[in-house]
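Here is the structure we will look at.
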Amino acid sequence: MTNEELWQAALASIQLQISRANFATWFKNTSIVSQKDGEIVVSVPNGFSREWLQNKYNRLVSHAIHDLTKGVREIRYEVERSSASSSRSDQGANGRSEQAAGEAQLTLADFRISKSTNLNPRYSLDNFVVGPFNELAHAASMAIIKNPGQVYNPLFVYGGVGLGKTHLLQAVGNAISSEMPDKKIRYVSSERFTSSVVAAIRNKTMEQLRSLYREIDVLVMDDVQFFAGKEKTQEELFHTFNTLYERGKQIIFSSDRPPKAIPALEERLRSRFEGGMIADVGVPDFETRLAILKTKAQELGVSPSEETLGYIASHIQRNVRELEGALNRILAFQRLNGEEPSFTEARTLLRTVIQNHGRQANPQKIIRAVAEFYDIKEKELITASRKKEVVKPRQIAMYLLREELKSSYPFIGERFGGKDHTTAMYACQRVAQELLASEFLVDEMSLIRQRIYGN
């Protein structure tokens, strides 16, 4: 197996286990540049990527590679040194040049984000499957594309994780950009907007930030439920919303819940969210899941049997992203073996995906995930240790029990060595405050959640 083939197969496995955003951020422009005497050298674009891969993703990379080849003792990460290595890196991350063009959706070519809009060109309405579960949101989106700012303003799309909200929002932005290239379009996540507000306050550049957002023609904002309790961010969004709305500019939001169900949201902002069209995205039925699988399979250049597609559609019911992840496993098998798997082989390949589907968090899983992430013992986490390296992870574990399981403060305190409920309250408040000020902690929290729900 060549360096490129090994790395592409490893990427296919890694992509199933982390979020799309983290995959794009940390594995873009990477490649295996050498494998000799049990040592594999991975080229990375900069020192920050090298540090992150070594400290946070090395175990994931090691498992992926060891599943594919034997005799690997060490994996090292080196910053690329020349334009030649950069060229090799692009090739390693983007797939098999012209021959692999039909399979590009699996690789990092999908994540070339437009700097001017923040939109990912991979998301389009051509590959967005419409069914009863999302037809209202789709119809509203089509109307907006024809006449942005004049109908359904704002558009508020809500639904569960992995059901295609981000795909739809970015596809709308891409469609408007294509039809009306003079329009200033900006896609931003709630976390990014919050971080920008915090940075602007710290650097005394709030006026520049306001000018940036208030000159936009189409503002697309994802996951606004995370604004709950962030008063300064809500205030800035409120004034930005008013300015854009008064100028007839299009505003599109997404959330995992309707506006009225977002806690700690200012009433004036809630009323703005509810002032236009609210459209939900539900869980696709079997026929729609099968249609999604066939569309994705065509994009990836694979053609599993109807039996295999039916098996996937029957067992993965609540998450479109997981459907695509299952197909990525089929593609990885095809690349390694030169042929598509039989139904029996496909069932074996998908066993882990199917078994993991629908797993829920519980206190033990949260504590274990935090301990593993910070490389400390679970016992240390739940006892009275005051070591500096233990205090922060313990507070994060308490916060996650509160946020993910809605556990009471007395329950959390009891779980962590019989501590008083005020200790749990303080920990949760402290972590919530740090999340507002630290993008790094936001990234860490995302990785921990992936461990919780992926194990």
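Numbering starts at 1 and runs along the sequence shown.
A side-chain donor-acceptor contact under 3.5 Å links R289 to the backbone of P284. No donor-acceptor pair under 3.5 Å is formed between the side chain of K146 and the backbone N or O of M142. When atom types are taken as modelled, the side chain of Q170 and the backbone of N120 share a donor-acceptor pair closer than 3.5 angstrom. Side chain of S314 to backbone of G310: a donor-acceptor contact under 3.5 angstrom is found. A donor-acceptor pair under 3.5 Å is absent between the side-chain atoms of S255 and the main chain of P258, judged by distance alone. A donor-acceptor pair is defined here as one N or O able to donate and one able to accept, closer than 3.5 Å; no such pair exists between the side chain of S178 and the backbone of A175. Judged purely by atom type and a 3.5 angstrom limit, N362 uses its side chain to pair as donor or acceptor with the backbone of K365. The main-chain N or O of R268 is found under 3.5 Å from a side-chain atom of S271 such that the two form a donor-acceptor pair. Proximity of a side-chain donor or acceptor of D67 to a complementary backbone N or O of A64 within less than 3.5 Å is not detected. Looking only at distances, no side-chain donor or acceptor of R186 sits under 3.5 Å from a matching main-chain atom of M221.
Looking at P45 and T30, their side chains come closer than 4.5 Å, going by heavy atoms from C-beta outward. Side-chain contact between R214 and H239 is present, with at least one heavy-atom pair separated by less than 4.5 Å. For the pair R76 and V42, the minimum side-chain heavy-atom distance is 4.5 Å or more. Proximity of Y409 to R402: side-chain heavy atoms (C-beta onward) are separated by under 4.5 Å at one or more points. For the pair V44 and E78, the minimum side-chain heavy-atom distance is 4.5 Å or more. Taking 4.5 Å as the limit, every side-chain heavy atom of K296 sits out of range of all side-chain heavy atoms of L323. Side chains of V281 and F133 form a contact here, defined as non-hydrogen atoms less than 4.5 Å apart.
Shown here is F286, whose CZ atom has more than 12 heavy atoms of other residues, nucleotides or ligands within 6.0 Å. Around NZ of K204, the count of heavy atoms belonging to other residues, nucleotides or ligands within 6.0 Å does not exceed 12. Counting heavy-atom neighbours within 6.0 Å of E231 CD, excluding the residue itself, gives a total of 12 or less.
The side-chain hydrogen bond (donor to acceptor under 3.5 Å, both in side chains) test applied to Y374 returns E444, not counting sequence neighbours.
Shortest non-hydrogen contact noted between A200 and L209 is CB-CD2, 3.9 Å. Heavy atoms only, all atoms of each residue included: A397 and L381 are closest at CB-CD2, 4.2 Å. Nearest heavy-atom pair, A140 versus M277, reported as atom, atom and distance to 0.1 Å: CB-CG, 4.2 Å.
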**OP:** Starting from the C-alpha separation in whole Å, work towards a yes-or-no answer on salt bridge (charged side-chain N to carboxylate O under 4.0 Å, His left out) for E236 and K232.
**Re:** CA-CA 6 Å; E236 289 304 320; K232 184 59 179 176; 3.5 Å; yes
**OP:** Go through the steps to decide whether L125 and I145 satisfy the test side chain to side chain contact (heavy atoms under 4.5 Å, CB included), and finish with yes or no.
**Re:** CA-CA 11 Å; L125 293 170; I145 292 169; 3.3 Å; yes
Original post:
Stepwise, does the side chain to side chain donor-acceptor pair (under 3.5 Å) test hold for N58 with Y77?
Top reply: CA-CA 9 Å; N58 188 56; Y77 305 91; 2.8 Å; yes
**OP:** Could you walk me through whether N203 and T205 pass side chain to side chain donor-acceptor pair (under 3.5 Å), step by step?
**Re:** CA-CA 5 Å; N203 300 326; T205 56; 4.9 Å; no
**OP:** Go through the steps for E207 and R210 under the test salt bridge (charged side-chain N to carboxylate O under 4.0 Å, His left out), then give the verdict.
**Re:** CA-CA 5 Å; E207 288 305 317; R210 289 167 179 164; 2.7 Å; yes
Original post:
What's the verdict on side chain to side chain contact (heavy atoms under 4.5 Å, CB included) for V220 and F253, showing C-alpha distance, side-chain angles and the deciding distance?
Top reply: CA-CA 6 Å; V220 182; F253 297 114; over 6 Å; no
**OP:** Could you check I14 against W26 for side chain to side chain contact (heavy atoms under 4.5 Å, CB included), going step by step and ending with a plain yes or no?
**Re:** CA-CA 11 Å; I14 292 167; W26 303 116; over 6 Å; no
Subject >> L11 and Q15: CA distance, side-chain angles, deciding distance, side chain to side chain contact (heavy atoms under 4.5 Å, CB included) verdict >> reply: CA-CA 6 Å; L11 287 178; Q15 187 181 10; over 6 Å; no
Subject >> side chain to side chain donor-acceptor pair (under 3.5 Å) assessment of T288 paired with D285 >> reply: CA-CA 5 Å; T288 306; D285 55 24; 2.6 Å; yes
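A cation-pi arrangement is not found for R394 relative to F416, the charged atom failing to lie both closer than 6.0 Å to the ring centre and inside a 45° cone about the ring normal. Remark: K56 qualifies as a cation-pi partner of F373 under the 6.0 Å distance and 45° angle criteria applied to the six-membered ring.
With values rounded to the nearest 0.5 angstrom, L327 atom CG is found 8.5 Å from L350 atom CG. Note that CG of L163 and CZ of R321 are 8.5 Å apart. Values are rounded to the nearest 0.5 Å. For the atom pair CD1 (I144) and CG (L155), the distance works out to 4.0 Å, reported to the nearest 0.5 Å. Here I75 contributes atom CD1 and I65 contributes atom CD1; the two are 3.5 Å apart, rounded to the nearest 0.5 Å.
Evaluation of the side chain to side chain donor-acceptor pair (under 3.5 Å) test over residues 241-254, restricted to residues two or more places apart or in two chains, returns N153-Q250, D217-K249, D222-S254, N242-R272. The ring pair (Phe, Tyr, Trp, His ring centres under 6.0 Å) pairs that include a residue from residues 151-189 are Y123-H167, F128-H167, F156-F273, where partners are two or more places apart or lie in different chains.
Contact check on R270 versus E266 returns no salt bridge, with no Lys/Arg side-chain nitrogen under 4.0 Å from an Asp/Glu carboxylate oxygen.
At a cut-off of 3.5 Å, with distance as the only test, a side-chain donor of Q364 or E378 sits close to an acceptor on the other residue.
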